[in-house]
Amino acid sequence: MADLSPVDRILAAIRAIPRGEVAGYGHVARRAGLPGRARMVARVLRDNTDPKLPWHRVLRSDGHIAFPPDSEGFAEQTQRLRAEGVDVRDGRVRISDSVKDLDGDLDAALWRPR
DNA sequence: GCGTTGACTCCGT
DNA sequence: GACGGAGCCAACG
């Protein structure tokens with residue numbers, strides 16, 4: 001990976017998240033070569049306008065959705081995740097059995113909520 | 001160049 | 001599991 005700017009690497013890391021899986025801000029940042037820059041990931045997502053970007057697969061380290069429960073983005077993120085087979089309960093993400101099966105190989109690249 | 005801000009994380013309670 | 005406080009870092013005015 002080369003001379004891409006931090007922002008581009010963050011976007012690439014987010015796009016690399018497979019459908020039906022989720023990743024944490026810190027995990028995305030680390031994957032982008034920016035350990036500890038979770039806050040930068042958050043800013044990139046806020047500024048991002050690319051409809052192709054699976055931003056809804058990015059969650060906080062706790063598995064909680066980063067938006068306030070009464071927010072618009074919260075509702076949309078929940079709906080998108082459910083559409084991909086991710087079980088969302090009370091603003092928290094839970095992994096379905098089918099996804100749980102794949103988890104072994106993806107451990108290096110993906111993170112799953114407890 | 002400084003102070004504020006934030007879709008964060010870690011740790012203790 | 002939920003809450004509060006401290007730390008970090010880049011963007012913005």
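In what follows, every chain begins at residue 1, and chains take the letters A, B, ... in the order their sequences are listed.
- Counting only distance, with no hydrogens or angles, the side chain of A:Asp90 and the backbone of A:Arg92 share no donor-acceptor pair below 3.5 Å.
- For B:dG6, its base never sits under 3.5 Å from the side chain of A:Arg43 at any donor and acceptor pair.
- Per the geometry, CG belonging to A:Asp47 stands 17 Å off P belonging to B:dT5, to the nearest Å.
- One interatomic measurement links the two molecules: CG of A:Asp70 to C1' of B:dA7, which rounds to 14 Å at whole-angstrom precision.
- Rounded to whole Å, the distance from CZ on A:Arg46 to P on C:dA10 is 16 Å.
- Per the geometry, CE belonging to A:Met40 stands 15 Å off P belonging to B:dA7, to the nearest Å.
- OP1 or OP2 of B:dC8 sits under 4.0 Å from a side-chain N or O of A:Arg60.
- At distances below 3.5 Å, at least one donor-acceptor pair connects side-chain atoms of A:Arg37 with backbone N or O atoms of A:Pro35.
- Taking atom CZ of A:Arg30 as the reference point, atom C1' of B:dC8 lies 14 Å away to the nearest angstrom.
- Put simply, CG on A:Leu45 is 15 Å from C1' on C:dA10, counting in whole angstrom units.
- Distance, A:Arg39 CZ to C:dC8 P: 12 Å, rounded to whole Å.
- Salt bridge A:Glu84/A:Arg80: absent, no basic N to carboxylate O contact under 4.0 Å.
- Counting to the nearest Å, the P atom of C:dC3 and the NE2 atom of A:His64 are 9 Å from each other.
- Side-chain proximity of A:Trp55 to B:dA7, C:dA10, C:dG7: nearest is B:dA7.
- At B:dC8, none of the side-chain N or O atoms of A:Ser61 fall inside 4.0 Å of OP1 or OP2 (strictly under the cut-off).
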